[in-house]
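So the structure is just underneath, and the comments pick up after that.
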Amino acid sequence: MKRTKIVDIFNPELIGSDVCVKGWVRTKRGNKHVQFVALNDGSTIKNIQIVFDMSRFTDEQLKPITTGASICVTGKLVESMGKGQTAEIQADTLEIYGTADTETYPLQKKGHTLEFLREKAHLRMRTNTFGAVFRVRSVLAYAIHNFFNQKGFFYLHTPLITESDCEGAGAMFQVTTLNLNELPKAEDNTVDYTQDFFGKPTALTVSGQLEGELGATALGQIYTFGPTFRAENSNTPRHLAEFWMIEPEMAFYDITDNMDLAEEFIKYCIQYALDHAADDIKFLNDMYDDKLIERLNNVIKQDFVRLPYTEGVDILLKSGKKFEYPVYWGADLQSEHERYLVEEHFKRPVILTDYPKEIKAFYMKQNEDGKTVRAMDVLFPQIGEIIGGSEREENYDKLLTRIEELNIPMKDMWWYLDTRRFGTVPHSGFGLGFERLILFVTGMTNIRDVIPFPRTPNNAEF
Ligand code: 4AD
Ligand code: MG
């Protein structure tokens, strides 16, 4: 008999018919007359209840059915009298695929902490919580492609191995095939990279933006969606060494167009998740954070505040609040400052613009004041910075001067500068941290819990 996924089984038209389901046992309970098994196959947060009439099965047959075991059951789908479920299966046949030893299966009991489950990342997707989180993650990825596809953007694949440090933070993972125990040396005793795989030092990319700009100044509107890597040693609930980023880049967009797109984009994604992952979000709302759905709806309803950095700093200085990190004009804002503006002062998302040029990357468009650049960071409740972006400096001379001021090696940048030498245009873009969006939509509070296999300092086992 053909298998029906559990997500499809609660269809009233199937009541009375014979069905086949396959999945992993969540619980078994009952008495010597009847046994109830809750089965989950990952297709939905919901379990299907299977009823074993013990006049038709032996104790021996049901013994291997323990939490975590995998089984196949056929039987008749009937309306359920049980609370909270619409249908159940009266079992006819049972096949055990794999047992799960009650002594050693780590998820035998319910109610493990998220910290404990982080240590069991290879199995944690089998829990209700992580099943929900990773279904939401998948739904959001689909929403992103949908959004840009509907808007006529092209999906551009940018390289993961690169020679350039887009953000200029110097936090890159080096890529090499040289034998680290026997490095070839050049005459001046430095490493001879001509003998390395690419003939030059290379690293994993921190951002696809620079190549994205090449795409935008050819195809008009592109977006990237891929993994990025940062070797910053920041052990926070919001940083990963490997995270996914979505980077749209648009020719002929100024910073206002850029902000409009960012706001529309993020609202679309949240609404899409509410519409297409309703059961999972409701579960997370009920289990972890009963303000979650309210918060998601609020963000969709409200216009984001748009505020220059200088005014934001004024508000922080006048707040009378004691922050861990000092606030002054020129300071790189910390998440405590961002969250004060969003959660306490404005009570809605804020797009902060026109940051001091010293704390932003070389490619941002310089303002007439000579001090600030046309940057835009989108700040969110619970999260802080969720998007970073800007209008780009399209003037060749100004860009070159900035590159020289920052001592960025020019030999690495000639191809990027060509966009400004040949048919340069005003253009803008931004980067959304995918895991930060998932944090917001799921209400999880640690970024390690929204990526299947987190990479953080000292953690890359599985
Ligand atoms: O602000 P960032 O560094 O901007 C860029 O990389 C630009 N090239 C984007 C662009 O304009 N095309 O990073 C963008 C976003 C941040 O706002 C944050 O959400 C996320 O990426 N992010 C991280 N997420 C998880 N772990 C980290 N270590 C992150 N660093 C940045
Ligand atoms: Mg940033």
Side-chain angles (χ1 to χ4, degrees), residues 137 140 144 148 153 156 158 162 164-173 204-216 221-250 253 255 258-259 261-262 265-266 269 309 332-335 337-338 342 349-353 355-356 359-365 373-380 382-393 416 427-441 444 446-451 454-457 459:
R137 185 181 169 108
L140 281 170
I144 286 160
F148 288 116
F153 281 60
L156 190 76
T158 50
T162 174
S164 51
D165 181 0
C166 172
E167 295 305 302
M172 301 181 85
F173 288 101
L204 295 178
T205 190
V206 297
S207 159
Q209 177 193 326
L210 301 185
E211 295 87 354
E213 287 185 52
L214 304 180
Q221 298 177 325
I222 62 89
Y223 70 106
T224 71
F225 187 171
T228 49
F229 308 87
R230 296 192 186 181
E232 19 179 64
N233 203 352
S234 39
N235 248 317
T236 81
R238 276 176 290 278
H239 287 87
L240 289 165
E242 175 178 298
F243 65 98
W244 287 64
M245 186 153 54
I246 298 95
E247 294 185 276
E249 192 71 34
M250 298 75 63
Y253 268 48
I255 190 170
N258 205 26
M259 287 191 280
L261 183 76
F265 170 50
I266 212 157
C269 291
Y309 166 93
D332 203 355
L333 298 187
Q334 304 293 321
S335 120
H337 309 129
E338 298 169 340
V342 171
V350 174
I351 310 183
L352 217 54
T353 62
Y355 282 70
I359 57 171
K360 289 293 181 190
F362 73 97
Y363 51 73
M364 296 193 182
K365 185 173 173 71
V373 287
R374 234 162 273 182
M376 48 156 263
D377 278 10
V378 181
L379 314 180
F380 252 49
Q382 314 282 317
I383 308 292
E385 180 191 336
I386 197 164
I387 281 179
S390 77
E391 188 168 336
R392 316 307 189 189
E393 182 55 75
Y416 181 70
H427 65 288
S428 301
F430 61 82
L432 168 72
F434 189 42
E435 284 76 20
R436 295 203 185 164
L437 175 66
I438 304 166
L439 275 179
F440 183 71
V441 172
M444 292 282 106
N446 192 318
I447 200 161
R448 295 168 177 81
D449 294 335
V450 297
I451 185 161
R455 266 76 185 106
T456 50
N459 181 25

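Everything numeric here is computed off the predicted structure, so don't read it as measured data. Whatever order the structure lists ligands and atoms in, that order sets their numbers, starting from 1.
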- Find, among atoms of E385 that are N, O or S, the one nearest to the Mg ion (ligand 2), and state its name. OE2
- Message: As a quick check of understanding, evaluate side chain to side chain donor-acceptor pair (under 3.5 Å) for T236 and S234, giving each step before the final call.
- Response: CA-CA 6 Å; T236 81; S234 39; 5.5 Å; no
- Task: Looking only at protein heavy atoms, identify the closest one to atom 6 (O) of ligand 1 and say how far it is in Å.
- Result: R230 NH2, 2.9 Å
- Message: Under a 3.5 Å cutoff, is there a donor and acceptor pairing between the side chains of E338 and Q334?
- Response: no
- Near-ring test F173/F229, centroid separation under 6.0 angstrom: no
- Query: Hey, is M245 touching ligand 1 through its side chain, its backbone, both or neither, going by heavy atoms under 4.0 Å?
  - Reply: side chain
- Item | Interfacing atoms of ligand 1 (cut-off 4.0 Å, heavy-atom, E232) | 28 (N)
- Numbered atoms and elements of ligand 1 in range of G389, under 4.0 angstrom, heavy atoms: 11 (O)
- Protein contact of atom 5 (C) of ligand 1 - nearest heavy atom, named by residue and atom, plus distance: E167 OE2, 3.3 Å
- Message: With a heavy-atom distance limit of 4.0 Å, tell me whether T228 approaches ligand 1 through its side chain, its backbone, both, or neither.
- Response: neither
- Is the shortest distance from a Lys or Arg side-chain nitrogen in K360 or D377 to a carboxylate oxygen in the other one below 4.0 Å? yes
- Any atoms of ligand 1 less than 4.0 Å from a non-hydrogen atom of R238? List them with their elements. 25 (C), 26 (N)
- Message: Taking 4.0 angstrom as the limit and counting only heavy atoms of G388, give me the atoms of ligand 1 inside it, by number and element.
- Response: 1 (O), 9 (C), 10 (C), 11 (O), 17 (O)
- What protein heavy atom is closest to atom 26 (N) of ligand 1, reported as residue, atom name and distance in Å? L240 N, 3.0 Å
- Query: Between L240 and P454, which heavy-atom pair has the shortest distance, and what is it?
  - Reply: CD2-CB, 4.0 Å
- Considering heavy atoms of the protein only, find what lies nearest to atom 18 (C) of ligand 1 and give residue, atom and distance to 0.1 Å. R436 NH1, 3.6 Å
- Note on the structure: In V378, I383, I387, the residue satisfying side-chain contact (heavy atoms from CB on, under 4.5 Å) with R436 is I383
- Message: Between E391 and I255 (side chain of the first, backbone of the second, donor and acceptor by atom type, cut-off under 3.5 Å), is there such a pair?
- Response: yes
- For the residue pair A375 and Y355, what are the closest heavy atoms and their distance? CB-CD1, 3.8 Å
- Task: Give a yes/no verdict on whether any heavy atom in Y363 is under 4.0 Å from an atom of ligand 1.
- Result: yes
- Query: Which residue supplies the protein heavy atom nearest to atom 12 (N) of ligand 1, what is that atom called, and how far is it?
  - Reply: E247 OE2, 2.7 Å
- Task: Let me know which of F243, F225, F440 forms a ring pair (Phe, Tyr, Trp, His ring centres under 6.0 Å) with F434.
- Result: F225
- Query: Nearest to atom 20 (C) of ligand 1, what protein heavy atom do you find, and at what distance?
  - Reply: G433 CA, 3.6 Å
- atom 1 (O) of ligand 1: the protein heavy-atom neighbour that sits closest, reported with distance to 0.1 Å: E385 OE2, 3.0 Å
- Item | Shortest heavy-atom approach to atom 22 (N) of ligand 1 - which of F229, F380, F243 | F243
- Query: Is it the case that S335 and R238 place a side-chain donor and acceptor less than 3.5 Å from each other?
  - Reply: yes
- Task: Using the side-chain contact (heavy atoms from CB on, under 4.5 Å) rule, pick out the option among R392, R374, H427 that qualifies with K365.
- Result: R374
- Does ligand 1 have any atom sitting under 4.0 Å from a heavy atom of R392? yes
- Query: Among protein heavy atoms, which sits nearest to atom 19 (O) of ligand 1, and what does the distance come to when rounded to 0.1 Å?
  - Reply: I386 O, 2.8 Å
- Sub-4.0 Å heavy-atom contact, I447 with ligand 1: yes
- Message: Between ligand 1 and S390, is the shortest N or O to N or O distance under 3.5 Å?
- Response: no
- Is the distance between the ring centroids of F148 and F265 less than 6.0 Å? yes
- Pair E393-Y363, side-chain donor/acceptor within less than 3.5 Å: no
- Looking at I387, which atoms of ligand 1 are within less than 4.0 Å of one of its heavy atoms? 17 (O)
